[in-house]
Amino acid sequence: MINVEYKHTQVAAKKKLGQNFLTDRNITRKTVLLSGAKPDDQVVEIGPGFGALTRELVEECHNLTVIEKDPTLATFIRNEYPQIKVIEGDVLTINFSAMAQAGKPLQILGNIPYSITSPILFHLLEHRRAFRSATLMMQHEVALRLAAKPATKEYGILAVQMQAFCKVEYLFKVSRKVFKPQPKVESAVIKLTPHATDPALDADGFRRFVRIAFHQRRKTLLNNLKESYNLELVDSNKLQLRAEALSIEELLELFSLIKTKSE
Ligand SMILES: C[S@@+](CC[C@H](N)C(=O)[O-])C[C@H]1O[C@@H](n2cnc3c(N)ncnc32)[C@H](O)[C@@H]1O
């Protein structure tokens with residue numbers, strides 16, 4: 001276990017909580033700048049840790065809330081930045097929609113705990129109406145999967161589900177050397193901007209469809225879909241393709257043509 005000490009507070013960095021702390025101010029400045037957060041925005045930071053990003057945000061934004069699960073770090077942030085709101089708890093239980101109702105859509109930022117990257121992304125997806133953008137640092141490999149284009153090996157369920165509902169921008173890569181303790185992998189910053197309207201009428205149905213279409217990547221759409229859906233209205237040539245060959249728009253169109261088989 002590696003001990004990290006900052007301003008008389010020491011924590012034994014917890015792997016389970018994804019505690020790798022940023023040490024490079026250029027990265028935090030660039031992240032805040034590219035997030036587009038403005039002084040009057042309602043800004044929420046996920047996992048402030050020792051405040052690497054928080055310190056930039058308090059300078060820029062008047063209305064900042066942070067969510068930190070580790071009680072020692074939550075206390076540290078409370079003492080260091082008495083002017084901000086600190087929620088001590090699990091980000092996965094936060095009702096962002098309720099938070100946003102108090103005002104305009106949120107601006108969310110965070111160097112997120114890598115062990116729960118996907119759960120956080122899907123939690124944000126559930127609350128996509130609540131935020132204007134989410135600028136998040138994550139493992140480089142996950143960032144590539146999120147921003148992937150069709151017919152690449154990274155293109156799959158994560159890319160389709162997120163890109164169908166949000167614009168996904170890969171902002172920049174971050175070396176593992178700028179963290180303490182150093183993680184084993186590189187990182188990257190991604191920006192998610194929810195589309196103004198949802199493309200698929202039945203968002204939950206579309207998410208289920210994507211899971212089934214990509215279930216066995218090597219199989220054709222026909223083989224993956226035929227058990228669960230009635231495919232009569234779909235061009236049979238299209239069904240001979242694999243899901244990974246179709247763009248988000250083509251997958252949305254396919255979804256609009258199929259019907260769930262009754263159980
Ligand atoms: C990668 S560290 C980033 C810390 C800091 N923002 C930085 O960049 O140095 C992730 C932070 O998220 C916190 N964390 C882990 N799981 C969490 C959860 N479920 N909800 C809220 N915070 C969490 C960790 O305690 C840690 O402070």
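Every number for a ligand or one of its atoms is a count from 1 in the order of the listing. Predicted, not measured: the structure shown is a model, and the values here were computed from it. For the numbers below, each heavy atom of this structure counts, side chains included, while hydrogens, waters and symmetry mates do not.
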So which bit of [X] gets within less than 4.0 Å of ligand 1, heavy atoms only: side chain, backbone, both or neither?
{"X": "L53", "answer": "neither"}
{"X": "I116", "answer": "side chain"}
{"X": "K14", "answer": "neither"}

Next item on the list: Kindly indicate whether a cation-pi arrangement holds for K30 with F172, taking the cut-offs as under 6.0 Å to the six-membered ring centre and within 45° of the axis.
Entry: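 Pair K30/F172 counts as cation-pi.
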For [atom], what is the nearest protein heavy atom, given as residue, atom name and distance?
{"atom": "atom 2 (S) of ligand 1", "value": "G18 O, 3.3 Å"}
{"atom": "atom 20 (N) of ligand 1", "value": "V91 N, 2.9 Å"}
{"atom": "atom 13 (C) of ligand 1", "value": "E68 OE2, 3.3 Å"}
{"atom": "atom 22 (N) of ligand 1", "value": "K69 N, 3.3 Å"}
{"atom": "atom 12 (O) of ligand 1", "value": "G47 CA, 3.3 Å"}
{"atom": "atom 8 (O) of ligand 1", "value": "N111 ND2, 2.8 Å"}

Is there any N or O on [X] that sits under 3.5 Å from an N or O of ligand 1?
{"X": "L92", "value": "no"}
{"X": "P113", "value": "no"}
{"X": "D70", "value": "no"}

Check the side chains of [Y] and [X] for a donor-acceptor pair under 3.5 angstrom, ignoring hydrogens and angles.
{"X": "H127", "Y": "S97", "value": "yes"}
{"X": "Q19", "Y": "D70", "value": "yes"}
{"X": "Q240", "Y": "T220", "value": "no"}
{"X": "Q107", "Y": "S35", "value": "no"}

Which of these, [options], has its nearest heavy atom closest to [atom]?
{"atom": "atom 5 (C) of ligand 1", "options": "S187, A52, P71, P48", "answer": "P48"}
{"atom": "atom 19 (N) of ligand 1", "options": "T28, D90, V178", "answer": "D90"}
{"atom": "atom 24 (C) of ligand 1", "options": "T72, V4, L17", "answer": "L17"}

[X] and [Y] ion-paired at < 4.0 Å:
{"X": "D40", "Y": "K104", "result": "no"}
{"X": "E88", "Y": "K69", "result": "no"}
{"X": "D24", "Y": "K177", "result": "no"}
{"X": "E186", "Y": "K173", "result": "no"}
{"X": "E126", "Y": "R207", "result": "yes"}
{"X": "E250", "Y": "K238", "result": "yes"}

Pull out every atom of ligand 1 sitting under 4.0 Å from any heavy atom of [X], numbered as shown with elements.
{"X": "E45", "result": "6 (N)"}
{"X": "I67", "result": "21 (C), 22 (N)"}
{"X": "Q19", "result": "24 (C), 25 (O), 26 (C)"}
{"X": "L22", "result": "7 (C), 8 (O), 9 (O)"}
{"X": "F21", "result": "4 (C), 9 (O)"}

Notebook entry, point to check: Are I190 and V44 in one and the same hydrophobic cluster, where Ile, Leu, Val, Met, Phe, Trp and Tyr link if side-chain heavy atoms are under 4.5 Å apart?
Noted result: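 Both belong to a single hydrophobic cluster.
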Check: Within less than 4.0 angstrom of ligand 1, does G89 place any heavy atom?
Finding: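 Yes; G89 lies near enough to ligand 1 that a heavy-atom distance drops under 4.0 Å.
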Next item on the list: Could you point out which residue of F165, F209, F214 forms a side chain to side chain contact (heavy atoms under 4.5 Å, CB included) with V160?
Entry: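 Among F165, F209, F214, the one meeting side chain to side chain contact (heavy atoms under 4.5 Å, CB included) with V160 is F214.
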